[in-house]
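Step one of this worksheet: look at the structure below.
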There are 2 protein chains.
Amino acid sequence: MKEDFLTNFREIVIETPVDIIIRQIRELISSGQLKAGDRLPSERILSERFGVGRTYVRDAIRKLEFYGILKTHPQSGTVVSGLGIIALEGLITDVLQLNGNDFNSLVETRVLLETNSAYFAATRRTDDDLMGIKKALAAYELAVVDGRPSMEEDLMFHLKIVEATKNSVLMSLMMIVTPDILSFFTKNKVCSGDKPISALREHYEIVEHIENQDADKAKASMRNHLDDLLNVPN
Amino acid sequence: MKEDFLTNFREIVIETPVDIIIRQIRELISSGQLKAGDRLPSERILSERFGVGRTYVRDAIRKLEFYGILKTHPQSGTVVSGLGIIALEGLITDVLQLNGNDFNSLVETRVLLETNSAYFAATRRTDDDLMGIKKALAAYELAVVDGRPSMEEDLMFHLKIVEATKNSVLMSLMMIVTPDILSFFTKNKVCSGDKPISALREHYEIVEHIENQDADKAKASMRNHLDDLLNVPN
DNA sequence: TGCTAATATTTGGTCAACCAATTAATTGGT
DNA sequence: ACCAATTAATTGGTTGACCAAATATTAGCA
């Protein structure tokens, strides 16, 4: 009987002061009160505000800095690192602050990022990159021929290409944009009919150009591929 | 000639006390003197042995704990957690890679975003947009001729162009990337000499193309402008 | 001798005070 | 009125001392 009580109480998690501070700072960022490039209040102010020792504040900042969310400049201040914001979960929509009719912006930006990713990927791809891309393409093809929903495999294929660019910032930006794209398409039930078949052919074409390291053709084929996609919602 | 020295010296990485301790602990583990499950000497002993303050030792332990290499038990001791040892091997190189080529990615991505922004801005600009851009350009020119630091006005000019694209996602991404760009340039004291003069001329050229709504030329002139900028740090 | 309980020591955790670098404010001179 | 140099305030960095929990040691008894 006593065991039951124990198992119930087990779920209680002690929240250390550090965790509390981290949560609060994260909320400040995700709510938009702290934007990219903004300066954090000084450690002393924060410690006073939270009613805890400065050590806790420092530890919290260190941890967030480790995640890449904050950047500390000695004797100057601590600022919010823009690219690190990506690490925050569920924050994406807040960052982009999408308002319904902005979907065109979203797609347009994706096209922009991806066409150039194809260009860079064709330029810098290693054999490992190529193998990863082909693997993702195979998974996508498998989903298509089975008639299964292939949206996830499709996105994975595209992300693999971005990965091959060796551009971490480009990768990060794609990670920001991708979830919103995905949520829209799943919500609007696009991606039906015989679209995946033609898309598959285009995927093969893109991979071929990347394999041959023909950057311009890779870019062009990616643009062609995404233009098809762009005509659907519009 | 001086350039050669610079490129040689660039590779020097300042090793903070924390990094030194991390390296030493790493060596202790990889040499087998510290096996999984072993207890680390107390923080006081370590600080005395390394000849540094206990804070450094604590920070180093925290960092290693973050990687999953160590596990601290309050009021008891710190033990080596066997699982994360693989991660420890590439730890330092990972950190260096992140800090090293990230800037290239940053600049490359900025060029990408901005050149296409110029394109879209030329296509969609309203008269109000044009006025705003010219206003920002005037402010920039004023700063340049006064010899004042013109970095902020420069960025404002670029942001105004992005604004004219009417693409909110593009705008958001630029806002994410911009602070990191800015912090780098202010830190490395670039943007000196007669650079602003030529930059000013290029700005005028960009505005001219945007005014004439010549998208391709606007894009080309923006690329030319940013390529100059890209050649500085590299 | 063997075991328990009281005690001393060691442990990581926490705090307040101080340091040097940076930034803001003030002053003094032109 | 403006600008330079000096001073004051603020910042993150660092240190040593102190705290409670955990452990090792010792004292005391059967």
Side-chain angles (χ1 to χ4, degrees), chain A residues 12-22 24-25 28 34 37-81 84, chain B residues 13-22 24-25 28 34 37-81 99 142-143 145-152 179 182-189:
Chain A
I12 293 179
V13 177
I14 55 156
E15 222 182 13
T16 71
V18 172
D19 293 327
I20 295 176
I21 296 171
I22 288 180
Q24 300 227 25
I25 292 180
L28 280 179
L34 274 177
D38 283 353
R39 272 184 41 158
L40 223 65
S42 76
E43 296 179 354
R44 274 169 254 265
I45 302 285
L46 286 176
S47 69
E48 185 189 342
R49 179 80 56 143
F50 288 133
V52 298
R54 193 155 79 96
T55 307
Y56 290 126
V57 175
R58 299 200 92 240
D59 284 351
I61 290 177
R62 283 275 173 70
K63 221 162 187 172
L64 288 172
E65 194 176 2
F66 203 83
Y67 279 120
I69 295 167
L70 298 179
K71 179 71 185 175
T72 294
H73 301 282
Q75 273 73 40
S76 173
T78 301
V79 300
V80 179
S81 169
Chain B
V13 178
I14 55 157
E15 232 185 4
T16 70
V18 173
D19 293 326
I20 296 177
I21 296 172
I22 288 181
Q24 299 229 25
I25 293 179
L28 280 179
L34 276 176
D38 282 354
R39 274 182 42 159
L40 223 64
S42 77
E43 296 179 355
R44 274 169 252 265
I45 302 286
L46 285 176
S47 69
E48 186 189 340
R49 179 80 58 148
F50 289 133
V52 299
R54 192 156 78 97
T55 307
Y56 290 126
V57 175
R58 300 199 90 242
D59 284 350
I61 290 178
R62 284 280 172 74
K63 221 163 188 174
L64 289 171
E65 195 176 2
F66 202 86
Y67 279 114
I69 293 157
L70 298 179
K71 178 69 184 174
T72 294
H73 297 92
Q75 275 72 41
S76 171
T78 301
V79 299
V80 179
S81 164
N99 294 341
L142 210 66
V145 295
D146 285 4
R148 283 189 287 116
S150 53
M151 178 57 73
E152 249 181 64
L182 196 142
S183 79
F184 177 87
F185 277 104
T186 51
K187 195 185 299 175
N188 291 41
K189 303 269 196 299

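These values consider heavy atoms only, across backbone and side chains, with no hydrogens, waters or symmetry-generated copies.
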Residue met sooner reading DNA chain D from 5', once B:Tyr56 and A:Ile45 are mapped to nucleotides: A:Ile45
Closest approach of A:Ala60 to A:Ile22 (non-hydrogen atoms, all atoms of both residues): CB-CG1, 3.8 Å
Closest non-hydrogen atom pair between B:Pro74 and B:Thr72, with its separation: CD-O, 3.7 Å
Close side-chain approach of A:Ile20 and A:Phe50, heavy atoms under 4.5 Å: no
5'-most by nearest nucleotide on DNA chain C - A:Ser76 or A:Val52: A:Val52
Per B:Gln75 side chain, nearest of listed nucleotides D:dC18, D:dG13, D:dA20: D:dA20
Nucleotides bounding contact with chain B, strand DNA chain C, heavy-atom threshold 4.0 Å: C:dT11 to C:dT14
What is the distance from [atom1] of [X] to [atom2] of [N], rounded to the nearest Å?
X	N	atom1	atom2	value
A:Ile61	D:dT14	CD1	C1'	16 Å
A:Arg54	D:dT15	CZ	C1'	12 Å
B:Glu43	D:dA21	CD	P	18 Å
B:Arg58	D:dG13	CZ	C1'	16 Å

Between CG on residue B:Leu40 and CG on residue B:Leu34, distance to nearest 0.5 Å: 5.5 Å
Nucleotide opposite C:dT11 in a Watson-Crick or G-U pair, distances under 3.5 Å: D:dA20
Sugar-phosphate, base or nothing in reach of A:Thr55, heavy atoms under 4.0 Å: base
More than 12 heavy atoms of other groups within 6.0 Å of A:Glu48 CD: no
Exam field: side chain B:Arg39 to backbone B:Ser76, donor-acceptor pair closer than 3.5 Å: yes
